[in-house]
Amino acid sequence: MTDEPTINVGRYQVLDKIGGGTSGDVYRCYDPILKRNVAVKVPLVTLDRAEFKNVVGKFYHEAEIAAQFQHANIVTVHDVGGNMPKEEGQTEKYGDHYLVMELASGINLKDYLQSQEKLPIEETLKIIFECCKALDYIHYRGVIHRDIKPANIIYDPQTGAVKLTDFSISDYLDNPSEKQIGTLPYSSPEHFLPDKQITPQTDIFALGSVMYQMLTGSYPFHGENIDEVASHIVASHPTPARSLRDDVPIQVEFILLKAMSKSQRDRFQNAVEFTDAVSLALKTIGVVQNRQVDQHRKNTEIDEYLILRHNSWFSEFSPDQIDELVRSGRVLSYDNEEYIVREGDIADSFYTLIQGEAEVVKGDRLLNELEPGDCFGELGHLTEAHTRTASIRACGPVRVLAVKTEKLQELSPESQASFYKAFLTITMERLIEKNAQVVKAE
């Protein structure tokens, strides 16, 4: 008895089929060189020549755009293979063409919604929050996705991991192309208005439409045909989510209305604004997720990403670098008059004040006051065996993001460079301020 022959796509050994659509199938494959499982997308062999050429062209377009992304909320593209379709009359070998991607855990959100119909408010907001971070990142990189929909969002209900995928019709902000419609129910009004341009807010509208579907179990815009749906997208407002589901908070309804505003001017102006609103809604309805227990206090996952994203101290950091920093740290809570650090302690962490106020004291003398967004402890990263020269004490309930020095040293080279630049900038500012105080005293 002999083993069944191994089926390969390029160098990748096919294990099983994990998905498919009208133009291609996706397989779980094994990469014998890098010794890892990957997802491999191939075009359907039943496509006619024109369709096949279009699909393969999208593979290469997606690889060109998505291969530059490295982000926790985006499926990584590893490889693209095969030759572009040959001239008319020559034989095609369909298996020669493929797109190789990260094998993300979970299922696409479209299938998940079909099994759940409507999602809990908290779960919806958390998924949208992660999608907003992905949009923030790609827009920062100068790319519009243009096909945000549940089928292009991978979600793992067990871990809460969310990843955006399929950049086959994405384009660069500085290279606008024709208004190609991704998927009709999630298309924005500007797709159908000749005097309007496709912008990052097009992705925001689509994500708002996805959020509406997650909460209500239905599309925001309906019609008997394409023209009727398009007409409703341009001129009609969706049925309020609260009319379809009475547990939707008014604040969440507001997010939907703003994300799906007809006018780009009235929409969230960028993904960070969208993220802000979702984060506030999560806090308002009291949703927190335990991350780690540090002695007697719990670390909670709050909107530290947004605090850092808005903080001028981190202005040199890209969205993915901020996300990397947040994932490297822990959020710690302190009570009124509790010491965050003490004079004489070993300086082994860098801190960002996220919530509340604190004071810098030396003995009984007040040296400075700190507000949300202020950073301290950076000298411990710049010097070895450095001890604290002052204490930091909480003024009321306080939360801080703490990152150990060794974790900072494990960040990417780009993040390290941004850190050193920020460290040196704030050190120079403090020296100038100190010098001014000395001159004034004289």
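With rounding to the nearest 0.5 angstrom, the CG atom of L125 is 5.0 Å from the CE atom of M211. In this structure, CD1 in I74 is found 8.5 Å from NE2 in H145, a value given to the nearest 0.5 Å. Rounded to the nearest 0.5 angstrom, I138 CD1 and I65 CD1 are separated by 9.0 Å. Of the inter-residue distances, the one linking L207 atom CG with I204 atom CD1 reads 8.5 Å to the nearest 0.5 angstrom. Between the CZ atom of R330 and the NZ atom of K404 there is a distance of 6.0 Å, given to the nearest 0.5 Å. Atom CG of N108 is separated from atom CG of N152 by 8.5 Å, given to the nearest 0.5 angstrom.
Side-chain contact between V38 and D79 is absent, with no heavy-atom pair separated by less than 4.5 Å. Side chains of Y305 and S279 form no contact here, defined as non-hydrogen atoms less than 4.5 Å apart. A 4.5 Å side-chain heavy-atom check between F268 and Q201 finds every atom pair outside the cut-off. Within the 4.5 Å cutoff, the side chain of F205 has heavy atoms near those of the P189 side chain. At least one side-chain heavy atom of R245 sits less than 4.5 Å from a side-chain heavy atom of I121. Proximity of I392 to L353: side-chain heavy atoms (C-beta onward) are nowhere separated by under 4.5 Å. Put simply, the side chain of D147 reaches to within 4.5 Å of the side chain of T183, judged on heavy atoms. In this structure, the side chains of Q321 and L411 stay at 4.5 Å or more apart for every pair of heavy atoms.
Of all the heavy atoms in L332 and A402, the pair that sits closest is CD1-CB, 4.0 Å. F59 and P43 get closest at one heavy-atom pair: CE2-CD, 3.5 Å. Here the closest heavy-atom approach between residue D323 and residue A72 is recorded as OD2-CB, 3.9 Å. Considering every non-hydrogen atom in both A358 and I340, the closest pair reads CB-CD1, 4.3 Å. I128 and M214 make their closest contact through CD1-SD, 3.9 Å (heavy atoms, listed as atom of the first residue, atom of the second, distance).
Counted within 6.0 Å of CD1 on I250, heavy atoms from surrounding residues, nucleotides or ligands total more than 12; the atom is thus considered enclosed. Heavy-atom contacts from other residues, nucleotides or ligands closer than 6.0 Å to NZ of K110 number 12 or fewer. Residue E369 places its CD atom among 12 or fewer non-hydrogen atoms of other residues, nucleotides or ligands, all under 6.0 Å distant.
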If you apply the rule side chain to side chain donor-acceptor pair (under 3.5 Å), what do you find for D345 with Y339, and how did you get there? CA-CA 11 Å; D345 287 349; Y339 283 89; over 6 Å; no

Apply side chain to side chain donor-acceptor pair (under 3.5 Å) to residues E130 and Y155 and explain how you reach the verdict. CA-CA 10 Å; E130 299 300 321; Y155 175 54; over 6 Å; no

Can you check side chain to side chain donor-acceptor pair (under 3.5 Å) on N270 and H139, steps first, answer last? CA-CA 9 Å; N270 50 58; H139 294 165; over 6 Å; no

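Just one residue in the list M101, H71, Q70 forms a side-chain contact (heavy atoms from CB on, under 4.5 Å) with T76, and that residue is Q70. Between E190 and the choices K262, R267, K196, the salt bridge (Lys or Arg N to Asp or Glu O under 4.0 Å) rule is met once, by R267.
Between D166 and K149, no side-chain nitrogen of the basic residue sits less than 4.0 Å from a carboxylate oxygen of the acidic one, so the salt-bridge criterion is not met. Salt bridge status for R28 with D16: present, with a side-chain N to carboxylate O gap under 4.0 Å. One finds no salt bridge joining K258 and E273 here, because no Lys/Arg side-chain nitrogen approaches an Asp/Glu carboxylate oxygen to under 4.0 Å.
The aromatic rings of Y137 and F69 stand perpendicular to each other, their planes meeting at an angle above 60°, with 30° marking the opposite boundary.
For the pair H61 (side chain) and S170 (backbone), a donor-acceptor distance under 3.5 Å is present.
Between Y27 and Y12, the distance from one ring center to the other does not fall under 6.0 angstrom.
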